[in-house]
Number of protein chains: 2
Amino acid sequence: MAMKKKARTEPNLSTEEKIIEAARKVFTKKGYSATRTRDIAEEAGINLALLNYYFRSKQKLFEQVMAEKMHQFFGTIAPVLMDSTTKLEDKITLIVTRYIDMITENPDLPIFVLNEIKNNSARLADRMHIKSIIINSSFVQQLKERRPEIHPLHFLFNILGMTIFPFIARPVFDVIDALNEREFKTLMEERKKLIPTWVKGMLRAK
Amino acid sequence: MAMKKKARTEPNLSTEEKIIEAARKVFTKKGYSATRTRDIAEEAGINLALLNYYFRSKQKLFEQVMAEKMHQFFGTIAPVLMDSTTKLEDKITLIVTRYIDMITENPDLPIFVLNEIKNNSARLADRMHIKSIIINSSFVQQLKERRPEIHPLHFLFNILGMTIFPFIARPVFDVIDALNEREFKTLMEERKKLIPTWVKGMLRAK
DNA sequence: GTCTATAACCTGATAGAC
DNA sequence: GTCTATCAGGTTATAGAC
(Lines give C-alpha, C1' and ligand atoms only; values in the text may rest on other atoms or scores of the structure.)
Protein backbone atom coordinates (compact mmCIF):
# COMPACT_ATOMS: atom_id res chain seq x y z
CA MET A 1 0.00 0.00 0.00
CA ALA A 2 2.96 2.31 0.44
CA MET A 3 3.95 2.52 -3.20
CA LYS A 4 2.58 5.92 -4.01
CA LYS A 5 5.83 7.71 -4.68
CA LYS A 6 7.32 5.03 -6.87
CA ALA A 7 9.64 6.42 -9.47
CA ARG A 8 8.85 5.50 -13.03
CA THR A 9 12.18 6.39 -14.60
CA GLU A 10 15.32 4.33 -14.51
CA PRO A 11 16.74 4.45 -10.99
CA ASN A 12 20.41 4.34 -12.00
CA LEU A 13 20.55 7.86 -13.38
CA SER A 14 21.79 11.05 -11.79
CA THR A 15 19.11 13.11 -10.11
CA GLU A 16 19.38 15.79 -12.77
CA GLU A 17 18.91 13.21 -15.51
CA LYS A 18 15.97 11.63 -13.73
CA ILE A 19 14.28 15.03 -13.58
CA ILE A 20 14.86 15.97 -17.21
CA GLU A 21 13.84 12.52 -18.34
CA ALA A 22 10.61 12.79 -16.38
CA ALA A 23 10.07 16.31 -17.71
CA ARG A 24 10.44 15.08 -21.28
CA LYS A 25 7.80 12.49 -20.69
CA VAL A 26 5.25 14.61 -18.85
CA PHE A 27 5.61 17.83 -20.87
CA THR A 28 5.38 15.96 -24.16
CA LYS A 29 2.32 14.07 -23.07
CA LYS A 30 0.34 16.84 -21.38
CA GLY A 31 1.76 20.09 -22.73
CA TYR A 32 3.16 22.99 -20.72
CA SER A 33 0.01 24.33 -19.09
CA ALA A 34 -1.48 21.02 -17.99
CA THR A 35 1.80 19.86 -16.49
CA ARG A 36 2.34 20.34 -12.74
CA THR A 37 5.86 20.38 -11.39
CA ARG A 38 4.58 17.81 -8.88
CA ASP A 39 3.77 15.47 -11.78
CA ILE A 40 7.37 15.69 -12.94
CA ALA A 41 8.78 15.21 -9.45
CA GLU A 42 6.64 12.17 -8.84
CA GLU A 43 7.46 10.71 -12.26
CA ALA A 44 11.15 11.22 -11.50
CA GLY A 45 10.81 9.71 -8.05
CA ILE A 46 12.36 12.74 -6.38
CA ASN A 47 11.29 15.56 -4.17
CA LEU A 48 9.65 18.65 -5.59
CA ALA A 49 12.32 20.95 -4.15
CA LEU A 50 15.02 19.22 -6.16
CA LEU A 51 13.38 20.29 -9.37
CA ASN A 52 13.93 23.93 -8.48
CA TYR A 53 17.39 23.16 -7.15
CA TYR A 54 18.58 21.79 -10.50
CA PHE A 55 16.46 23.89 -12.86
CA ARG A 56 15.50 27.30 -11.50
CA SER A 57 11.85 27.10 -12.55
CA LYS A 58 9.20 25.19 -14.45
CA GLN A 59 9.71 27.60 -17.34
CA LYS A 60 13.47 26.97 -17.53
CA LEU A 61 12.99 23.23 -17.39
CA PHE A 62 10.39 23.44 -20.10
CA GLU A 63 12.61 25.52 -22.36
CA GLN A 64 15.31 22.91 -22.14
CA VAL A 65 12.92 20.11 -23.03
CA MET A 66 11.32 22.16 -25.79
CA ALA A 67 14.68 22.93 -27.40
CA GLU A 68 15.47 19.23 -27.44
CA LYS A 69 12.10 18.30 -28.89
CA MET A 70 12.29 20.91 -31.63
CA HIS A 71 15.71 19.66 -32.52
CA GLN A 72 14.35 16.14 -32.68
CA PHE A 73 11.37 17.18 -34.77
CA PHE A 74 13.15 19.37 -37.31
CA GLY A 75 16.52 17.69 -37.08
CA THR A 76 15.06 14.49 -38.43
CA ILE A 77 14.70 15.92 -41.90
CA ALA A 78 16.99 18.95 -41.97
CA PRO A 79 20.09 17.02 -43.09
CA VAL A 80 18.07 15.30 -45.80
CA LEU A 81 16.65 18.57 -47.12
CA MET A 82 20.09 20.17 -47.24
CA ASP A 83 22.12 17.37 -48.78
CA SER A 84 22.74 18.37 -52.38
CA THR A 85 24.19 14.98 -53.32
CA THR A 86 20.91 13.10 -52.88
CA LYS A 87 18.41 12.72 -55.69
CA LEU A 88 14.97 14.27 -55.19
CA GLU A 89 13.28 10.87 -55.22
CA ASP A 90 15.64 9.51 -52.60
CA LYS A 91 15.11 12.56 -50.41
CA ILE A 92 11.37 11.92 -50.42
CA THR A 93 11.81 8.32 -49.38
CA LEU A 94 14.24 9.31 -46.64
CA ILE A 95 11.96 12.01 -45.22
CA VAL A 96 8.98 9.68 -45.08
CA THR A 97 10.74 6.68 -43.60
CA ARG A 98 12.72 8.67 -41.05
CA TYR A 99 9.66 10.56 -39.84
CA ILE A 100 7.53 7.45 -39.57
CA ASP A 101 10.24 5.64 -37.61
CA MET A 102 10.95 8.60 -35.34
CA ILE A 103 7.31 9.46 -34.61
CA THR A 104 6.41 5.83 -34.04
CA GLU A 105 8.90 5.97 -31.18
CA ASN A 106 7.60 9.37 -30.04
CA PRO A 107 3.89 9.48 -30.88
CA ASP A 108 3.10 12.64 -28.93
CA LEU A 109 5.93 14.64 -30.47
CA PRO A 110 4.24 16.26 -33.50
CA ILE A 111 1.19 17.66 -31.75
CA PHE A 112 3.32 18.72 -28.79
CA VAL A 113 5.84 20.64 -30.88
CA LEU A 114 3.31 22.21 -33.22
CA ASN A 115 1.00 23.17 -30.37
CA GLU A 116 3.72 24.73 -28.23
CA ILE A 117 5.13 26.62 -31.20
CA LYS A 118 1.66 28.01 -31.76
CA ASN A 119 1.40 29.10 -28.14
CA ASN A 120 4.82 30.69 -27.96
CA SER A 121 5.67 31.39 -31.59
CA ALA A 122 7.87 34.40 -31.12
CA ARG A 123 10.42 33.14 -28.66
CA LEU A 124 10.96 29.53 -29.45
CA ALA A 125 10.88 28.79 -33.11
CA ASP A 126 13.48 31.08 -34.60
CA ARG A 127 16.29 29.63 -32.55
CA MET A 128 16.85 27.05 -35.20
CA HIS A 129 17.51 28.21 -38.68
CA ILE A 130 14.27 26.78 -39.90
CA LYS A 131 13.89 29.43 -42.52
CA SER A 132 17.09 28.73 -44.35
CA ILE A 133 16.61 25.01 -43.83
CA ILE A 134 13.35 25.14 -45.67
CA ILE A 135 13.62 27.98 -48.13
CA ASN A 136 17.20 27.63 -49.28
CA SER A 137 17.42 23.88 -49.07
CA SER A 138 18.62 21.68 -51.86
CA PHE A 139 15.24 19.95 -51.62
CA VAL A 140 13.31 23.12 -52.48
CA GLN A 141 15.74 23.85 -55.31
CA GLN A 142 15.16 20.43 -56.77
CA LEU A 143 11.41 20.85 -56.52
CA LYS A 144 11.59 24.20 -58.30
CA GLU A 145 13.60 22.69 -61.12
CA ARG A 146 11.30 19.70 -61.49
CA ARG A 147 8.00 21.59 -61.40
CA PRO A 148 8.75 25.33 -61.75
CA GLU A 149 5.09 26.23 -62.13
CA ILE A 150 4.04 24.80 -58.75
CA HIS A 151 5.07 26.37 -55.45
CA PRO A 152 7.53 23.95 -53.79
CA LEU A 153 5.73 24.25 -50.46
CA HIS A 154 2.81 22.37 -52.01
CA PHE A 155 4.94 19.27 -52.21
CA LEU A 156 6.39 19.78 -48.75
CA PHE A 157 2.87 20.14 -47.32
CA ASN A 158 1.86 16.97 -49.13
CA ILE A 159 4.75 14.86 -47.94
CA LEU A 160 4.60 16.05 -44.34
CA GLY A 161 0.82 16.02 -44.24
CA MET A 162 0.50 12.48 -45.50
CA THR A 163 3.29 11.33 -43.19
CA ILE A 164 2.59 13.21 -39.96
CA PHE A 165 -1.18 13.75 -39.99
CA PRO A 166 -2.10 10.11 -39.28
CA PHE A 167 -0.21 10.31 -35.98
CA ILE A 168 -1.90 13.58 -35.04
CA ALA A 169 -5.36 12.22 -35.87
CA ARG A 170 -4.76 8.87 -34.26
CA PRO A 171 -6.56 9.54 -30.97
CA VAL A 172 -9.75 9.98 -33.01
CA PHE A 173 -9.43 6.47 -34.39
CA ASP A 174 -8.41 5.07 -31.03
CA VAL A 175 -11.68 6.03 -29.45
CA ILE A 176 -13.79 4.44 -32.13
CA ASP A 177 -11.70 1.26 -31.93
CA ALA A 178 -11.44 1.31 -35.68
CA LEU A 179 -7.72 0.83 -35.51
CA ASN A 180 -5.76 -0.97 -32.82
CA GLU A 181 -2.06 -0.42 -32.31
CA ARG A 182 -0.93 -3.27 -34.52
CA GLU A 183 -3.21 -2.31 -37.39
CA PHE A 184 -2.01 1.29 -37.21
CA LYS A 185 1.62 0.22 -37.28
CA THR A 186 0.93 -1.98 -40.29
CA LEU A 187 -0.66 0.93 -42.12
CA MET A 188 2.27 3.19 -41.34
CA GLU A 189 4.71 0.57 -42.56
CA GLU A 190 2.75 0.37 -45.80
CA ARG A 191 2.86 4.14 -46.07
CA LYS A 192 6.67 4.13 -46.11
CA LYS A 193 6.42 2.68 -49.59
CA LEU A 194 3.12 4.18 -50.71
CA ILE A 195 3.75 7.85 -49.94
CA PRO A 196 6.95 8.11 -52.01
CA THR A 197 5.13 6.42 -54.90
CA TRP A 198 2.24 8.84 -54.70
CA VAL A 199 4.53 11.88 -54.44
CA LYS A 200 6.49 10.76 -57.46
CA GLY A 201 3.19 10.55 -59.30
CA MET A 202 2.47 14.16 -58.36
CA LEU A 203 5.85 15.25 -59.64
CA ARG A 204 5.08 13.65 -62.99
CA ALA A 205 1.44 14.71 -63.24
CA LYS A 206 0.37 17.13 -65.90
CA MET B 1 -6.26 54.85 -19.67
CA ALA B 2 -9.23 53.17 -18.01
CA MET B 3 -9.92 50.70 -20.79
CA LYS B 4 -8.65 47.56 -19.16
CA LYS B 5 -11.93 45.71 -18.85
CA LYS B 6 -13.16 46.48 -22.32
CA ALA B 7 -15.33 43.73 -23.73
CA ARG B 8 -14.20 42.30 -27.02
CA THR B 9 -17.37 40.57 -28.05
CA GLU B 10 -20.42 42.17 -29.58
CA PRO B 11 -22.19 44.20 -26.92
CA ASN B 12 -25.73 43.60 -28.16
CA LEU B 13 -25.88 39.97 -27.13
CA SER B 14 -27.44 38.38 -24.08
CA THR B 15 -25.04 37.83 -21.22
CA GLU B 16 -25.17 34.10 -21.69
CA GLU B 17 -24.31 34.47 -25.36
CA LYS B 18 -21.48 36.86 -24.59
CA ILE B 19 -19.99 34.30 -22.23
CA ILE B 20 -20.25 31.32 -24.57
CA GLU B 21 -18.95 33.40 -27.46
CA ALA B 22 -15.94 34.45 -25.38
CA ALA B 23 -15.46 30.87 -24.23
CA ARG B 24 -15.40 29.65 -27.83
CA LYS B 25 -12.70 32.14 -28.65
CA VAL B 26 -10.46 31.64 -25.62
CA PHE B 27 -10.77 27.86 -25.29
CA THR B 28 -10.12 27.34 -29.00
CA LYS B 29 -7.09 29.58 -28.94
CA LYS B 30 -5.42 28.43 -25.71
CA GLY B 31 -6.89 25.01 -24.96
CA TYR B 32 -8.62 23.90 -21.78
CA SER B 33 -5.71 23.90 -19.34
CA ALA B 34 -4.18 27.23 -20.32
CA THR B 35 -7.53 28.99 -20.20
CA ARG B 36 -8.47 30.84 -17.00
CA THR B 37 -12.10 31.54 -16.27
CA ARG B 38 -10.99 35.12 -15.70
CA ASP B 39 -9.74 35.27 -19.31
CA ILE B 40 -13.19 34.32 -20.53
CA ALA B 41 -14.95 36.79 -18.25
CA GLU B 42 -12.71 39.63 -19.40
CA GLU B 43 -13.12 38.69 -23.05
CA ALA B 44 -16.89 38.66 -22.56
CA GLY B 45 -16.82 41.97 -20.73
CA ILE B 46 -18.65 40.55 -17.76
CA ASN B 47 -17.92 39.65 -14.19
CA LEU B 48 -16.33 36.38 -13.23
CA ALA B 49 -19.24 35.42 -10.99
CA LEU B 50 -21.64 35.51 -13.92
CA LEU B 51 -19.75 32.71 -15.60
CA ASN B 52 -20.57 30.37 -12.75
CA TYR B 53 -24.09 31.74 -12.55
CA TYR B 54 -24.89 30.75 -16.14
CA PHE B 55 -22.66 27.69 -16.49
CA ARG B 56 -22.04 25.84 -13.27
CA SER B 57 -18.32 25.41 -13.79
CA LYS B 58 -15.39 25.83 -16.14
CA GLN B 59 -15.73 22.16 -17.03
CA LYS B 60 -19.42 22.46 -17.98
CA LEU B 61 -18.75 25.52 -20.11
CA PHE B 62 -15.90 23.75 -21.81
CA GLU B 63 -17.94 20.67 -22.57
CA GLN B 64 -20.53 22.81 -24.30
CA VAL B 65 -17.91 24.54 -26.43
CA MET B 66 -16.14 21.28 -27.18
CA ALA B 67 -19.34 19.57 -28.34
CA GLU B 68 -19.94 22.48 -30.73
CA LYS B 69 -16.40 22.42 -32.04
CA MET B 70 -16.39 18.68 -32.62
CA HIS B 71 -19.65 19.01 -34.47
CA GLN B 72 -18.11 21.75 -36.57
CA PHE B 73 -14.98 19.74 -37.25
CA PHE B 74 -16.55 16.39 -38.09
CA GLY B 75 -19.86 17.72 -39.32
CA THR B 76 -18.13 19.48 -42.18
CA ILE B 77 -17.46 16.22 -43.98
CA ALA B 78 -19.85 13.69 -42.42
CA PRO B 79 -22.73 14.43 -44.83
CA VAL B 80 -20.35 14.21 -47.78
CA LEU B 81 -18.93 10.86 -46.66
CA MET B 82 -22.41 9.40 -46.15
CA ASP B 83 -24.14 10.59 -49.31
CA SER B 84 -24.41 7.57 -51.59
CA THR B 85 -25.59 9.64 -54.54
CA THR B 86 -22.32 11.52 -54.99
CA LYS B 87 -19.52 10.21 -57.14
CA LEU B 88 -16.21 9.42 -55.43
CA GLU B 89 -14.39 12.13 -57.35
CA ASP B 90 -16.98 14.73 -56.37
CA LYS B 91 -16.80 13.67 -52.73
CA ILE B 92 -13.07 14.31 -52.74
CA THR B 93 -13.48 17.80 -54.16
CA LEU B 94 -16.22 18.58 -51.66
CA ILE B 95 -14.22 17.40 -48.66
CA VAL B 96 -11.18 19.43 -49.66
CA THR B 97 -12.98 22.67 -50.50
CA ARG B 98 -15.30 22.57 -47.50
CA TYR B 99 -12.47 21.92 -45.09
CA ILE B 100 -10.26 24.62 -46.54
CA ASP B 101 -13.09 27.16 -46.40
CA MET B 102 -14.15 26.18 -42.89
CA ILE B 103 -10.65 26.07 -41.39
CA THR B 104 -9.68 29.33 -43.06
CA GLU B 105 -12.45 30.89 -40.98
CA ASN B 106 -11.41 28.91 -37.87
CA PRO B 107 -7.65 28.45 -38.07
CA ASP B 108 -7.21 27.15 -34.51
CA LEU B 109 -9.94 24.55 -34.82
CA PRO B 110 -7.99 21.47 -36.02
CA ILE B 111 -5.21 21.53 -33.46
CA PHE B 112 -7.69 22.42 -30.72
CA VAL B 113 -10.05 19.54 -31.48
CA LEU B 114 -7.33 16.96 -32.08
CA ASN B 115 -5.39 18.00 -29.00
CA GLU B 116 -8.39 17.98 -26.66
CA ILE B 117 -9.53 14.62 -28.01
CA LYS B 118 -6.07 13.31 -27.22
CA ASN B 119 -6.26 14.67 -23.67
CA ASN B 120 -9.72 13.40 -22.92
CA SER B 121 -10.20 10.59 -25.43
CA ALA B 122 -12.59 8.42 -23.46
CA ARG B 123 -15.32 10.85 -22.60
CA LEU B 124 -15.61 13.21 -25.50
CA ALA B 125 -15.14 11.53 -28.79
CA ASP B 126 -17.65 8.72 -28.86
CA ARG B 127 -20.61 11.01 -28.46
CA MET B 128 -20.79 11.41 -32.19
CA HIS B 129 -21.07 8.32 -34.25
CA ILE B 130 -17.68 8.84 -35.75
CA LYS B 131 -17.10 5.16 -36.16
CA SER B 132 -20.08 4.49 -38.36
CA ILE B 133 -19.49 7.77 -40.15
CA ILE B 134 -16.05 6.66 -41.16
CA ILE B 135 -16.17 2.89 -41.39
CA ASN B 136 -19.59 2.34 -42.90
CA SER B 137 -19.69 5.44 -45.05
CA SER B 138 -20.47 5.44 -48.71
CA PHE B 139 -17.07 7.06 -49.20
CA VAL B 140 -15.18 4.12 -47.72
CA GLN B 141 -17.32 1.71 -49.76
CA GLN B 142 -16.47 3.55 -52.94
CA LEU B 143 -12.77 3.51 -52.08
CA LYS B 144 -12.89 -0.24 -51.45
CA GLU B 145 -14.51 -0.84 -54.81
CA ARG B 146 -12.09 1.37 -56.66
CA ARG B 147 -8.89 0.07 -55.06
CA PRO B 148 -9.72 -3.12 -53.14
CA GLU B 149 -6.08 -3.95 -52.51
CA ILE B 150 -5.35 -0.70 -50.62
CA HIS B 151 -6.79 0.03 -47.18
CA PRO B 152 -9.31 2.86 -47.62
CA LEU B 153 -7.91 4.74 -44.62
CA HIS B 154 -4.77 5.38 -46.67
CA PHE B 155 -6.75 7.65 -48.96
CA LEU B 156 -8.59 9.30 -46.08
CA PHE B 157 -5.25 10.02 -44.37
CA ASN B 158 -3.93 11.46 -47.61
CA ILE B 159 -6.87 13.74 -48.27
CA LEU B 160 -7.15 15.01 -44.71
CA GLY B 161 -3.40 15.24 -44.23
CA MET B 162 -2.82 17.29 -47.36
CA THR B 163 -5.80 19.50 -46.53
CA ILE B 164 -5.52 20.01 -42.78
CA PHE B 165 -1.80 19.71 -42.07
CA PRO B 166 -0.83 23.05 -43.63
CA PHE B 167 -3.07 24.82 -41.12
CA ILE B 168 -1.61 22.88 -38.20
CA ALA B 169 1.95 23.59 -39.31
CA ARG B 170 1.32 27.21 -40.16
CA PRO B 171 2.71 28.72 -36.95
CA VAL B 172 6.07 27.28 -37.94
CA PHE B 173 6.05 29.19 -41.20
CA ASP B 174 4.70 32.32 -39.53
CA VAL B 175 7.73 32.64 -37.33
CA ILE B 176 10.18 32.33 -40.17
CA ASP B 177 8.22 34.89 -42.19
CA ALA B 178 8.39 32.55 -45.14
CA LEU B 179 4.70 32.91 -45.71
CA ASN B 180 2.52 35.88 -44.91
CA GLU B 181 -1.23 35.63 -44.57
CA ARG B 182 -2.01 36.51 -48.16
CA GLU B 183 0.52 34.07 -49.59
CA PHE B 184 -0.81 31.29 -47.38
CA LYS B 185 -4.37 31.95 -48.50
CA THR B 186 -3.28 31.88 -52.11
CA LEU B 187 -1.60 28.53 -51.60
CA MET B 188 -4.69 27.09 -49.93
CA GLU B 189 -6.88 28.34 -52.77
CA GLU B 190 -4.57 26.59 -55.22
CA ARG B 191 -4.79 23.43 -53.12
CA LYS B 192 -8.57 23.29 -53.57
CA LYS B 193 -7.89 22.31 -57.18
CA LEU B 194 -4.54 20.57 -56.77
CA ILE B 195 -5.38 18.11 -54.00
CA PRO B 196 -8.35 16.51 -55.83
CA THR B 197 -6.16 16.17 -58.91
CA TRP B 198 -3.40 14.47 -56.96
CA VAL B 199 -5.81 12.15 -55.17
CA LYS B 200 -7.40 11.12 -58.43
CA GLY B 201 -3.91 10.30 -59.64
CA MET B 202 -3.45 8.03 -56.62
CA LEU B 203 -6.70 6.24 -57.33
CA ARG B 204 -5.51 5.52 -60.84
CA ALA B 205 -1.90 4.68 -60.01
CA LYS B 206 -0.62 1.14 -60.48
C1' DG C 1 22.26 17.14 -2.31
C1' DT C 2 18.03 15.99 -0.37
C1' DC C 3 14.32 16.52 2.43
C1' DT C 4 10.05 18.84 5.11
C1' DA C 5 7.53 22.76 5.82
C1' DT C 6 5.74 26.77 4.30
C1' DA C 7 5.51 31.13 1.91
C1' DA C 8 3.44 33.60 -1.91
C1' DC C 9 0.56 33.50 -5.46
C1' DC C 10 -3.08 31.90 -8.60
C1' DT C 11 -7.51 29.89 -9.80
C1' DG C 12 -12.20 28.11 -9.61
C1' DA C 13 -16.14 28.85 -7.22
C1' DT C 14 -19.49 31.02 -3.91
C1' DA C 15 -21.69 34.25 -0.46
C1' DG C 16 -24.20 38.08 -0.04
C1' DA C 17 -25.31 43.03 -1.10
C1' DC C 18 -27.76 45.54 -4.54
C1' DG D 1 -29.16 39.30 -13.01
C1' DT D 2 -25.08 41.54 -11.75
C1' DC D 3 -21.61 43.00 -8.92
C1' DT D 4 -17.69 43.02 -5.04
C1' DA D 5 -15.40 40.51 -1.80
C1' DT D 6 -13.67 36.43 -0.33
C1' DC D 7 -12.98 31.47 0.51
C1' DA D 8 -10.83 27.04 -0.26
C1' DG D 9 -7.72 24.55 -2.54
C1' DG D 10 -4.02 24.03 -5.64
C1' DT D 11 0.61 25.40 -7.61
C1' DT D 12 5.24 27.30 -8.04
C1' DA D 13 9.01 28.37 -5.56
C1' DT D 14 11.97 28.91 -1.44
C1' DA D 15 13.76 28.68 3.47
C1' DG D 16 16.08 26.03 6.44
C1' DA D 17 17.15 21.55 8.81
C1' DC D 18 19.87 17.51 7.99
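Throughout, protein chains are lettered first and strands after them, A, B, ... in sequence-line order, and every chain is numbered starting at 1.
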Expressed in angstrom and rounded to an integer, what is the separation of A/Leu50 atom CG from C/dT4 atom P?
-> 10 Å
Spacing of A/Leu51 atom CG relative to C/dC3 atom P, expressed in whole Å | 12 Å
Tell me: CD of B/Glu63 to P of C/dG12, nearest whole Å?
-> 15 Å
With sugar-phosphate meaning primed atoms plus P, OP1 and OP2, does B/Tyr54 contact a base, only sugar-phosphate, or nothing at under 4.0 Å between heavy atoms?
-> sugar-phosphate
Is a side-chain N or O of B/Asp39 found less than 3.5 angstrom from the main chain of B/Thr35, in a donor-acceptor match?
-> no
Whole-Å distance between D/dT11 C1' and A/Leu48 CG?
-> 9 Å
B/Asn47 has its side chain closest, among D/dC3, D/dG1, C/dG12, to D/dC3
In whole angstroms, the gap separating P of C/dG1 from CD of A/Glu17 amounts to 12 Å
B/Asp39 atom CG is separated from C/dC10 atom C1', nearest whole Å, by 12 Å
5'-most contact on DNA chain D: B/Arg38 or B/Thr15, nearest heavy atom basis?
-> B/Thr15
Just how far, in rounded Å, is C1' of C/dT11 from CD of B/Glu42?
-> 15 Å
Report yes if at least one side-chain N or O of B/Thr37 is closer than 4.0 Å to OP1 or OP2 of C/dA13; otherwise report no.
-> no
Please check the phosphate of C/dG12 (OP1 and OP2 only) for any side-chain N or O of B/Ser57 closer than 4.0 Å.
-> no
Only one of A/Arg24, A/Lys25, A/Lys30, A/Arg36 forms a salt bridge (charged side-chain N to carboxylate O under 4.0 Å, His left out) with A/Glu43, so which one is it?
-> A/Lys25
For a ring pair (Phe, Tyr, Trp, His ring centres under 6.0 Å) with A/Phe157, tell me which candidate from B/Trp198, B/Phe173, B/Phe165 qualifies.
-> B/Phe173
Any A/Arg36 side-chain N or O less than 4.0 Å from OP1/OP2 of D/dT11 | yes
Quick one: do A/Glu189 and A/Lys192 make a salt bridge, cutoff under 4.0 Å?
-> yes
Do the numbers put B/Arg170 on top of the ring of B/Phe184, so that NZ or CZ is under 6.0 Å from the six-membered ring centre and no more than 45° off the axis?
-> yes
Identify whether any heavy atom of B/Ser33 sits under 4.0 Å from a base atom; if not, whether one sits that close to sugar-phosphate; answer base, sugar-phosphate or nothing.
-> nothing
Counting side-chain heavy atoms from C-beta on, which of C/dA13, D/dT4, D/dT2 comes nearest to B/Tyr53?
-> D/dT2
Gap between atoms CG and P, on A/Asn52 and C/dC9 respectively (whole Å) = 16 Å
